[in-house]
Amino acid sequence: MRTAFISDIHGNLDALEVVLADIETQNVDRVVCLGDIVGYGPEPNECVAKVREVSQLTVVGNHDHAALGLMDTLGFNEYARAAADWTTNALDDGTQSFLRDLPYTQVLDGMLLVHASPKDPERWTYVLSYQEARRQFDHFTERLCFIGHSHLPVVIEEYGQEINALSFPEDIPLRLHRDRRYLVNVGSVGQPRDRDPRTGYTWYDDKLDAALLRRLEYPVEKVQQKILDAGLPPFLAQRLADGV
Ligand code: ZN
């Protein structure tokens, strides 16, 4: 069974459409979504409609929560907060009720799905250090956990007491080991932050026991124009071109 993981779409419909078209070419059996469907981008309702159509399982992200007014956005920077306010006003009723019903975590065939991190998922902790990864491995029992949130694709391996960040090059299946555990950050569809503006997603094939990262060009300038036309902060358009 081959599962495609899409995450951090952030209202970027053009990027999402490129990713979904690519998924069609990758012998993928099912699609799941790791949250942050909305926030930052100009087409939140359209993105939620697409996700509802294609995703077999979806978990909630912090920006989905923020757009529903379910969390304090004081911790957000000014751009994220302005975008959250804009998104709150933009969401239609159907989108709101879909987002409101999403769970923090899901388990699918022994794989844990969560937006930010397994330990206290509602705290939206970033896994950006070995120390944090160590703590997170102690808070789930599954062998594989798939996350988003940082918008930085990476595979973190636990092998005995060792924690290693593996390089996750695009288009090369990364073979996993049956006796090791993994935290896989699947990258971001709508707002990549690894200085590569291309959209991305990850698939995992349980028969091969391998993960593969895809990165794809999409019409960035078209989305930038939509952001400006929507009256969202111009910085949010610029960062898409810079991949930050
Ligand atoms: Zn995000």
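Order of appearance sets the numbers: ligands from 1, and atoms from 1 within every ligand.
When distances from the Zn ion (ligand 1) to the N, O or S atoms of H151 are compared, NE2 comes out shortest.
A salt bridge does not link K207 with D205: every distance from a Lys NZ or Arg NE/NH1/NH2 to an Asp or Glu carboxylate oxygen is 4.0 Å or more. Salt bridge present: E157 and R180 bring a charged side-chain N and a carboxylate O closer than 4.0 Å.
Here the closest non-hydrogen pair linking A237 and Q224 is O-NE2, 2.7 Å.
In this structure, OD2 of D36 and OD1 of D8 enclose an angle of 90° at the Zn ion (ligand 1), rounded to 10°.
Taking 2.8 Å as the criterion, H149 does not count as a coordinating residue of the Zn ion (ligand 1), since none of its N, O or S atoms falls below it. When distances to the Zn ion (ligand 1) are checked against a cut-off of 2.8 Å, H63 contributes no N, O or S atom below that limit.
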Side-chain donor/acceptor pairs under 3.5 Å, residues 103-113, sequence neighbours excluded:
unit_1	atom_1	unit_2	atom_2	d
D109	OD2	R30	NH1	3.0
D109	OD2	R30	NH2	2.9

